[in-house]
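For reference, positions follow the sequence shown, starting with 1. Not measured: the values here are computed from a predicted model.
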Amino acid sequence: MIRRSRPGGRPEPPAARTAARRAAADRSGPAPLRLALSAPADAAGLTSEWHMVDGLRTHVRRTVRKDRPGPPVLLVHGLAVSHRYLTPLAAILADTHPVYAPDLPGFGLSGRPSRVYDAQQHSDHLAALLAAYRLPPVCVLGHSFGAEIAAALAVRHPEAVRAVVLAGPTSDPGARSRRAQAGRWLVDSTREALWQVPILLRDVVDARPWRVWATLSHSVRNRIEDDLTRIDVPALVIAGARDPLVPAAWRTRVAELVPGAGTVSVPGAAHNVATTAPRQVAETVRALLAMNIPTS
């Protein structure tokens, strides 16, 4: 019998595999896939619109209703994907918060600039987008490379951010190369729910493989640690317990670097925790905002 191994070659405990199977059963099926691929049509309280930001047509998947009691939440996707894989989370958060899930320049349904943006350039673009919406300070949740962008946004544009959630933040200094990150991603692909595959394929086609690879180059050259120590708002680090890209030691280190940050590990989830465990992630976002930030 072949046993799956964790990074470093250690076999994954049977209890972890059991938790993973139960979690996968809870989050599988066609409903989240249909929702993820629904844009630009309205679905589950979400709609699509485009804004010209710094000369680039930028797609935003947002909640139809803006009169929710909680502060607005900005969802920032990772380097090979788009708003699509974050729509299950957006739909759940929409019960209590206005939610905005833009496609970063070059990804999803947004325009494609000739150059490939790094985390800092993406954060500046998002700041301009938030200004166009005239939003109050937002809770920004960034996943994977999106966590790097979220950290940069909080540091470079502190007036725009009231809280930060770093979900599966990259990249671990112990694997800060394209080859190492690709290797960990291959391990992660064996732990993810299969219904995500059509979403990933669609997103990579939209972005083009060369842009994904170039963005990965930006990611592994970005010292997220420099931004983490300068975050000055309530913050939370959340990751899947089975995430090979964000091992426990790196998750703990991220939380240590961000002043006052808490940590959450989601049992059974791998790297795409915001997609496959959206209810648990939404609960942590709501708890962070209820604990630290008045909504009046």
Side-chain angles (χ1 to χ4, degrees), residues 3-24 26-27 76 78-79 85 89 119 141-151 163-193 196 216 219-220 222-229 231 234-285 287-288 291:
R3 300 180 67 186
R4 292 181 182 171
S5 295
R6 293 179 286 179
R10 290 174 295 168
E12 192 171 49
R17 296 197 300 273
T18 300
R21 286 193 294 268
R22 289 173 179 170
D26 289 340
R27 58 184 179 256
V76 185
L79 65 83
Y85 80 123
L89 174 60
L141 182 150
H143 174 255
S144 196
F145 178 61
E148 299 179 49
I149 298 169
V164 175
V165 178
L166 304 172
T170 53
S171 57
D172 176 9
R176 197 164 279 174
S177 69
R178 292 185 299 186
R179 180 175 181 178
Q181 287 293 299
R184 288 189 176 187
W185 180 84
L186 288 174
V187 173
D188 182 69
S189 68
T190 68
R191 303 179 180 184
E192 295 286 355
Q196 299 174 92
L216 178 58
S219 176
V220 298
N222 180 47
R223 273 185 49 86
I224 188 176
E225 299 96 323
D226 295 339
D227 285 332
L228 296 177
T229 58
I231 293 175
L236 180 72
V237 181
I238 184 169
R242 304 175 72 236
D243 185 346
L245 283 91
V246 186
W250 171 236
R251 181 170 67 246
T252 300
R253 181 59 179 155
V254 171
E256 290 173 347
L257 289 171
V258 181
T263 60
V264 174
S265 177
V266 180
H271 187 56
N272 290 348
V273 62
T275 306
T276 57
R279 292 194 181 279
Q280 294 95 316
V281 174
E283 288 170 3
T284 63
V285 171
L288 174 69
M291 182 185 308

Student: Looking at Val246, Asp172, Val264, which hits side chain to side chain contact (heavy atoms under 4.5 Å, CB included) with Arg251?
Tutor: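 That would be Val246.
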Student: I'd like to check the salt bridge (charged side-chain N to carboxylate O under 4.0 Å, His left out) partners of Arg176; sequence neighbours left out, ordered by chain and number.
Tutor: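 Expected list: Glu225.
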Student: Output, in order, the C-alpha distance, side-chain angles, deciding distance and verdict of side chain to side chain contact (heavy atoms under 4.5 Å, CB included) for Arg191 and His271.
Tutor: CA-CA 9 Å; Arg191 303 179 180 184; His271 187 56; over 6 Å; no
Student: Rounded at 0.5 Å granularity, tell me how far OG1 in Thr170 sits from CG in Asn222.
Tutor: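 Result: 8.5 Å between the selected atoms.
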Student: To the nearest 0.5 Å, what is the distance between OG1 on Thr275 and CD on Gln196?
Tutor: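 Rounded to the nearest 0.5 Å, the OG1-CD separation comes out at 5.5 Å.
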Student: Identify, with sequence neighbours excluded, every residue that meets side chain to side chain contact (heavy atoms under 4.5 Å, CB included) alongside Ala175.
Tutor: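 Testing Ala175 for side chain to side chain contact (heavy atoms under 4.5 Å, CB included), a comparison that skips the adjacent residues, returns Ala180, Gln181, Arg184.
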Student: Could you check Val281 against Val165 for side chain to side chain contact (heavy atoms under 4.5 Å, CB included), going step by step and ending with a plain yes or no?
Tutor: CA-CA 10 Å; Val281 174; Val165 178; 5.5 Å; no
Student: Just one of Thr263, Ile238, Val258 clears the side chain to side chain contact (heavy atoms under 4.5 Å, CB included) bar with Leu166, so which one?
Tutor: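 That would be Val258.
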Student: Hey, what do you get for CD1 (Ile224) to OG (Ser219), rounding to the nearest 0.5 Å?
Tutor: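 Going from the CD1 atom of Ile224 to the OG atom of Ser219 covers 8.5 Å.
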Student: Apply the test side-chain hydrogen bond (donor to acceptor under 3.5 Å, both in side chains) to residues Glu192 and Thr276: give CA-CA distance (whole Å), side-chain angles for both, the deciding distance (0.1 Å), then the verdict.
Tutor: CA-CA 8 Å; Glu192 295 286 355; Thr276 57; 4.5 Å; no
Student: Apply side chain to side chain contact (heavy atoms under 4.5 Å, CB included) to residues Val285 and Leu89 and explain how you reach the verdict.
Tutor: CA-CA 11 Å; Val285 171; Leu89 174 60; 5.7 Å; no
Student: If I compare all heavy atoms of Gly240 with all of Ser265, which pair ends up nearest, and what's the gap?
Tutor: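 The answer is C-OG, 4.4 Å.
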Student: Check Gly78 against Ser144 and note the closest heavy-atom contact, atom names and distance.
Tutor: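 Closest heavy-atom pair between Gly78 and Ser144: CA-CB, 4.4 Å.
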Student: Any chance you could measure Thr229, atom OG1, to Glu256, atom CD, to the nearest 0.5 Å?
Tutor: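 Here the rounded value is 13.0 Å.
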Student: Might you work through the side chain to side chain contact (heavy atoms under 4.5 Å, CB included) test for Val273 and Asp243, ending with a clear yes or no?
Tutor: CA-CA 8 Å; Val273 62; Asp243 185 346; over 6 Å; no
Student: What is the minimum heavy-atom distance between Pro247 and Pro244, and which atoms define it?
Tutor: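 Answer, listing the atom of Pro247 first, then Pro244: CD-O, 3.8 Å.
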Student: With rounding to the nearest 0.5 angstrom, report the CG to CH2 distance, Leu245 to Trp250.
Tutor: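 Answer for the CG-CH2 pair, Leu245 versus Trp250, is 12.5 Å.
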Student: Return the minimal non-hydrogen interatomic distance between Pro267 and Ala241, and the atom names on each side.
Tutor: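 Looking at all heavy atoms of both residues, the closest pair is CA-CB, 4.0 Å.
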Student: Nearest 0.5 Å please: distance from the CG atom of Leu288 over to the CD atom of Glu283.
Tutor: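 So the gap between those two atoms works out to 13.5 Å.
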